[in-house]
Every structure is written in structure tokens, then in C-alpha cells.
K.L.:
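Quick one: the structure is below, and I'll ask about it shortly.
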Amino acid sequence: MQVYRGLDIGTAKPTVAERAVVPHHLVDVADPSEEWSAMRHQAAARAAVAGIEARGRRALLVGGTGLYLQAVVDDLRFPGEDPDLRAELDAWTAEPGGVAAAYDELRRRDPDAAEKVDPHNARRIVRALEVIRLTGKRFSSFGPGIDQFGPTAFPVQMVGVWVPRDVLNARIATRFAAMRDAGLVDEVLGLLDGSPLSRTASQAIGYKEIIGAITDDGSLDDAIDTAVRRTRSFARRQRMWFRRDPRITWLGATDNPCAVLPAVLATWSS
RNA sequence: GGCCGGGUAGCUCAGUCGGCAGAGCACACGCCUGAAAAGCGUGGGGUCGACGGAUCGACGCCGUCCCCGGCCA
């Protein structure tokens, strides 16, 4: 979400001062009305890494979105997309019994892919069918899969920071309160004056809830509360995603995660 | 004080003719290849306000009481 210009406070974007000390890439590279995607992120991030390495420097990939990280470091191939076909499939699954019918087709044309997607998950079923109909090839034939943790596309040292649950929850609540104090609501009001947010940008935690509160005349306290819960839920999914990756070295922090910095640097140097 | 409506999961509420206590959200656990800060699955949770009664059997029917909201005085 930090790729979007104007989404500063709620995405905890690095400050101008911080960026003056350490160059940050893929920050402020898209307008909030633009869509962002795993494929777009893969291309942009790999280009940034290549540029950094070409200058003899070392890239530090930071972030919590598992699919996006793997899209950069692993052999993930994203077959094309077709908006018309996508719309047709979306309409199909919106009909009564449509999701089950679509899942039947997926099971018939790509049993391996059907095995990995839940029969109720319309979004994933639609995407798999879109690829199959578009390319004529099985969805599962693209790349080794996200559960294959082989050698990375380029040398990468992966480190995860593990924080106790109660500390994490407290930090999330504190963080949102600080964002609100820093003017998050005003920032959202400013965004509402511009072009409508894209589908992807409008999902940003905090922004989505505050926009909802403003347009529906709801409670800002409730919006912040929902955003806090959604952040916890996101953190749980991050935990699930990264936990299964055997290449990650986990470092535990009891309170302040910054305490593990020396250990992170030691791992990095090796 | 009188009349009416309500009291069921942490929250908001369904519950048909009396026949095994339900949903959404929350919470916990988990899944994942162009929406991923997205999407999806599984699970734990109940003195059905309290007490008494009729009934083989009550969240439901009868009685008394308590609590909340509205209207009237």
C-alpha cells in the first residue's frame, strides 16, 4: 500500500527524513486510482533489486505480504488476465449454484488445482478458470507452486521477527491511535477530493474503514476499532504464511522488536 | 401507577404448530500462484431474565417477580 502516493500516515510510510538517509524503492510509484497487483509488484521489485545490485549495493526487502515477497524471490509465474473473461466468470459465480458449477469445471480441467482451492472460494476458482480458458493450459502448470521452497531466484537471506501475541496486539492498537493523532482522518478527507481509489487502494486497512465512516456518517471510533481488528487478522495471516517457509530464520523479541536488530544484521552479514 | 413491546452465544438478533439451541459479527485454529492490507474454510462457546405450575416433553403455554424501552396518567 506504500506504493500509493497520498496514502502516507495509514501505511506507516517512511518519512522524508528517513528516505533521505536510506533510499526506499517502490514508495509513491502509483496513483491511488491505479490498480496494483502481484505481477506488477514482481516486475517493479525485481527491477529495483537489479538496479541496486548493479550499483554494488545490497537490497533489503521489507514487508508483510507473503505472496508479494514470494513473487519477487521465488519462481512464481503469473499467466495473463482477461478483464472480459474475468467479468463473465464473476457473473457466473454470482448466480445461484454458480460457484459449485465453476468448481466442477475446474475439477474437470485441472484436478490438481481444484485440490488446492476451497470449493467456496469464488475468487480463486474464477482466477484458475480464467487462466485455463485463456491459455488452454492447466493452472497448476505455471511454476512449481508457492509451497515449494527451493533455491531463490537470487541469493536471499530471510529473517522473521516474532513478537508475543499480547505485545503485538498492544502495539497495533497504539499504532492506530498514533496514526489518528497524526492526522489520518484529514488525510483520508483529502483523498476523497481526488479521483476515486482503485479497487486495490481502497482496501487499505484504516482507509477503507474511515472512508466508510465518513460516507455513511458512521462512528470514527468504530472505524478505528474495526481497523485495529483487521490489522490483527492480517498479522495472523502473515504468521500463517511465513511460518511454513523453512528458509526463514526466526528471531524472537520479548517487547520491542528493534532489540533484534543486531541479530538481524549478524544474519545478514553471513 | 396503568397499557404495550422486549430480555436467547462476547455483540446484534432469528427461532413456524410445544418435539435434539440457530445465523451474522467477534474470538480461536487453518488454507492460499495477476484483488493478498484481498479471498476462503473449520472450530469452541448457552442456567433461552428468575422462580413456580399444567404437560410424556417448554425458549415457546399459565402464574408471580426482576430488568430494559416506549406511550398514557
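Numbered from 1 within each chain, the chains take letters A, B, ... in sequence-line order. Given the structure is predicted, the values throughout are model-derived calculations rather than measurements.
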K.L.:
Rounded to whole angstroms, how far apart are CD on A:Glu34 and C1' on B:A35?
P.N.:
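The answer, rounded to whole Å, is 15 Å.
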K.L.:
Out of the candidates A:Val29, A:Val27, A:Thr200, only one should pair with A:Tyr4 under the side-chain contact (heavy atoms from CB on, under 4.5 Å) rule; please name it.
P.N.:
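Filter result, single survivor: A:Thr200.
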K.L.:
Going by salt bridge (charged side-chain N to carboxylate O under 4.0 Å, His left out), name the residues that satisfy it together with A:Arg244, two or more places apart in sequence or in a different chain.
P.N.:
none
K.L.:
Under the side-chain contact (heavy atoms from CB on, under 4.5 Å) criterion, do A:Asp221 and A:Arg180 qualify, and how do the steps go?
P.N.:
CA-CA 10 Å; A:Asp221 287 341; A:Arg180 188 179 184 176; 2.8 Å; yes
K.L.:
Who else is in the cluster with A:Val16 when I, L, V, M, F, W and Y are joined by side-chain contacts under 4.5 Å?
P.N.:
none
K.L.:
How close do A:Ala235 and A:Ile172 get, counting heavy atoms only, and between which atoms?
P.N.:
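Nearest pair, atom of A:Ala235 first, then A:Ile172: CB-CD1, 4.5 Å.
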K.L.:
Nearest to the side chain of A:Trp241, which nucleotide is it out of B:C32, B:A35, B:A37?
P.N.:
B:C32
K.L.:
Using whole Å, report how far CZ of A:Arg243 lies from P of B:G30.
P.N.:
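The distance from CZ of A:Arg243 to P of B:G30 comes to 4 Å, rounded to the nearest Å.
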K.L.:
Rounded to whole Å, how long is the line connecting atom CZ of A:Arg199 with atom C1' of B:A36?
P.N.:
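After rounding, the gap between these two atoms is 12 Å.
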K.L.:
Drop me the distance from A:Phe176's CZ to A:Asp181's CG, to the nearest 0.5 angstrom.
P.N.:
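Taking CZ in A:Phe176 and CG in A:Asp181, the distance rounds to 12.5 Å.
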K.L.:
For residues 249-258 of chain A, which residue pairs qualify under side chain to side chain donor-acceptor pair (under 3.5 Å), counting only residues two or more places apart or in two chains?
P.N.:
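The answer is none; no pair qualifies.
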K.L.:
So, using side-chain contact (heavy atoms from CB on, under 4.5 Å) as the criterion, who are the partners of A:Ala263 when residues are at least two apart?
P.N.:
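side-chain contact (heavy atoms from CB on, under 4.5 Å) list for A:Ala263, sorted by chain: A:Leu251.
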K.L.:
Send over the distance from A:Tyr207 OH to B:A35 C1', rounded to a whole Å.
P.N.:
19 Å
K.L.:
Measuring only the C1' atom in each nucleotide, how far is B:G53 from B:G60? A whole number of Å is fine.
P.N.:
15 Å
K.L.:
Starting the side chain at C-beta, find the nucleotide from B:C29, B:G41, B:A35 nearest to A:Arg236.
P.N.:
B:C29
K.L.:
Taking the P atom in each of B:C4 and B:C59, what is the distance between them to the nearest angstrom?
P.N.:
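That atom pair is separated by 25 Å.
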K.L.:
In whole Å, measure the gap between the C1' atoms of B:U8 and B:A50 for me.
P.N.:
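To the nearest whole Å, 15 Å.
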K.L.:
Just the dot-bracket of RNA chain B, please: which string comes out with Watson-Crick or G-U pairs under 3.5 Å, [ ] for crossing, | for another strand?
P.N.:
(((((((..((((.....[..)))).(((((.......))))).....(((((..]....)))))))))))).
K.L.:
Does A:Ser37 put a side-chain nitrogen or oxygen below 4.0 Å from OP1 or OP2 of B:A35?
P.N.:
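For B:A35, OP1/OP2 do not have a side-chain N/O of A:Ser37 under 4.0 Å.
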K.L.:
For A:Tyr68, which contact category applies under a 4.0 Å heavy-atom criterion: base, sugar-phosphate, or nothing?
P.N.:
sugar-phosphate
K.L.:
Mind checking whether A:Tyr68 and A:His41 have parallel, tilted or perpendicular rings, split at 30° and 60°?
P.N.:
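The arrangement is tilted - the two ring planes meet at 30° to 60°.
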K.L.:
Please list each protein N or O that sits under 3.5 Å from an N or O in nucleotides 11-13 of chain B, with the distance.
P.N.:
none

K.L.:
What does the list of N/O pairs under 3.5 Å between the protein and nucleotides 24-27 of chain B look like, with a distance for each?
P.N.:
residue, atom, partner, partner atom, Å
B:C27, OP1, A:Arg232, NH2, 3.2

K.L.:
Heavy atoms from C-beta onward define the side chain here; which of B:A37, B:A35, B:C29 lies closest to that of A:Arg124?
P.N.:
B:A35
K.L.:
Out of B:U33, B:C29, B:C40, which nucleotide sits closest to the side chain of A:Asn121?
P.N.:
B:C40
K.L.:
What nucleotide, of B:A36, B:G39, B:G41, holds the atom closest to the side chain of A:Thr65?
P.N.:
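Nearest to the side-chain atoms of A:Thr65, counting from C-beta on, is B:A36.
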K.L.:
Taking CZ from A:Phe139 and P from B:U33, how many angstroms apart are they, rounded to a whole number?
P.N.:
5 Å
K.L.:
Quick one: on RNA chain B, does A:Asp147 or A:Arg237 contact a more 5' nucleotide (nearest heavy atom)?
P.N.:
A:Asp147
K.L.:
For B:U12 and B:G44, measure between their P atoms and round to the nearest Å.
P.N.:
24 Å
K.L.:
Has the side chain of A:Arg239 got a donor or acceptor atom that lies under 3.5 Å from a matching backbone atom of A:Trp162?
P.N.:
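Checked: no pair found.
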K.L.:
So, A:Arg171 side chain and A:Val163 main chain: donor-acceptor pair closer than 3.5 Å or not?
P.N.:
no
K.L.:
Can you tell me which residue pairs pass the side chain to side chain donor-acceptor pair (under 3.5 Å) test with a partner in residues 6-15 of chain A, sequence neighbours excluded?
P.N.:
A:Asp8-A:Lys13, A:Lys13-A:Asp28, A:Thr15-A:Glu18
K.L.:
Between B:A35, B:C29, B:C32, spot the one nearest the side chain of A:Thr200, thanks.
P.N.:
B:A35
K.L.:
Quantified in whole Å, what is the C1' atom distance between nucleotide B:C68 and nucleotide B:A36?
P.N.:
45 Å
K.L.:
Would you indicate which nucleotide in B:A35, B:A37, B:G41 comes nearest to any side-chain atom of A:Asp90?
P.N.:
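For the A:Asp90 side chain, the nearest candidate turns out to be B:A35.
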K.L.:
Determine the interatomic distance between C1' on B:G39 and the same-named atom on B:G22; round to the nearest Å.
P.N.:
26 Å
K.L.:
Quick one: is B:U33 close enough that its OP1 or OP2 comes under 4.0 Å of any side-chain N or O from A:Gln70?
P.N.:
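No, A:Gln70 has no side-chain N/O under 4.0 Å of OP1/OP2 on B:U33.
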K.L.:
Quick one: do A:Arg229 and A:Asp225 satisfy salt bridge (Lys or Arg N to Asp or Glu O under 4.0 Å)? Show the steps, please.
P.N.:
CA-CA 6 Å; A:Arg229 271 202 305 276; A:Asp225 196 55; 2.8 Å; yes
K.L.:
Whole Å only: how far is the CD atom of A:Gln238 from the P atom of B:G30?
P.N.:
15 Å
K.L.:
Applying side-chain hydrogen bond (donor to acceptor under 3.5 Å, both in side chains), can you list everything that pairs with A:Arg46, at least two apart in sequence or on another chain?
P.N.:
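Here no residue qualifies.
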K.L.:
When the C1' atoms of B:G52 and B:U47 are considered, how many whole Å apart are they?
P.N.:
16 Å
K.L.:
Return the 5'-most residue of the pair A:Gly80, A:Pro119 with respect to RNA chain B, ranking by each residue's nearest nucleotide.
P.N.:
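Comparing both residues, the 5'-ward one is A:Gly80.
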K.L.:
Can you list, in residue-number order, the parts of residues 160-191 of chain A that come under 4.0 Å of RNA chain B, counting heavy atoms only?
P.N.:
A:Arg165
K.L.:
Expressed in angstrom and rounded to an integer, what is the separation of A:Met240 atom CE from B:C40 atom P?
P.N.:
19 Å
K.L.:
Would you list the pairs meeting salt bridge (Lys or Arg N to Asp or Glu O under 4.0 Å) in which at least one residue belongs to residues 131-148 of chain A, sequence neighbours left out?
P.N.:
A:Glu88-A:Arg133, A:Glu105-A:Arg133, A:Asp110-A:Arg138, A:Asp112-A:Arg138, A:Lys116-A:Asp147
K.L.:
For nucleotides B:C31 and B:G7, find the distance between their P atoms and express it as a whole number of Å.
P.N.:
41 Å
K.L.:
Does A:Leu191 have any side-chain contact (heavy atoms from CB on, under 4.5 Å) partners at least two apart in sequence or in another chain, and if so, which?
P.N.:
A:Leu7, A:Pro32, A:Tyr207
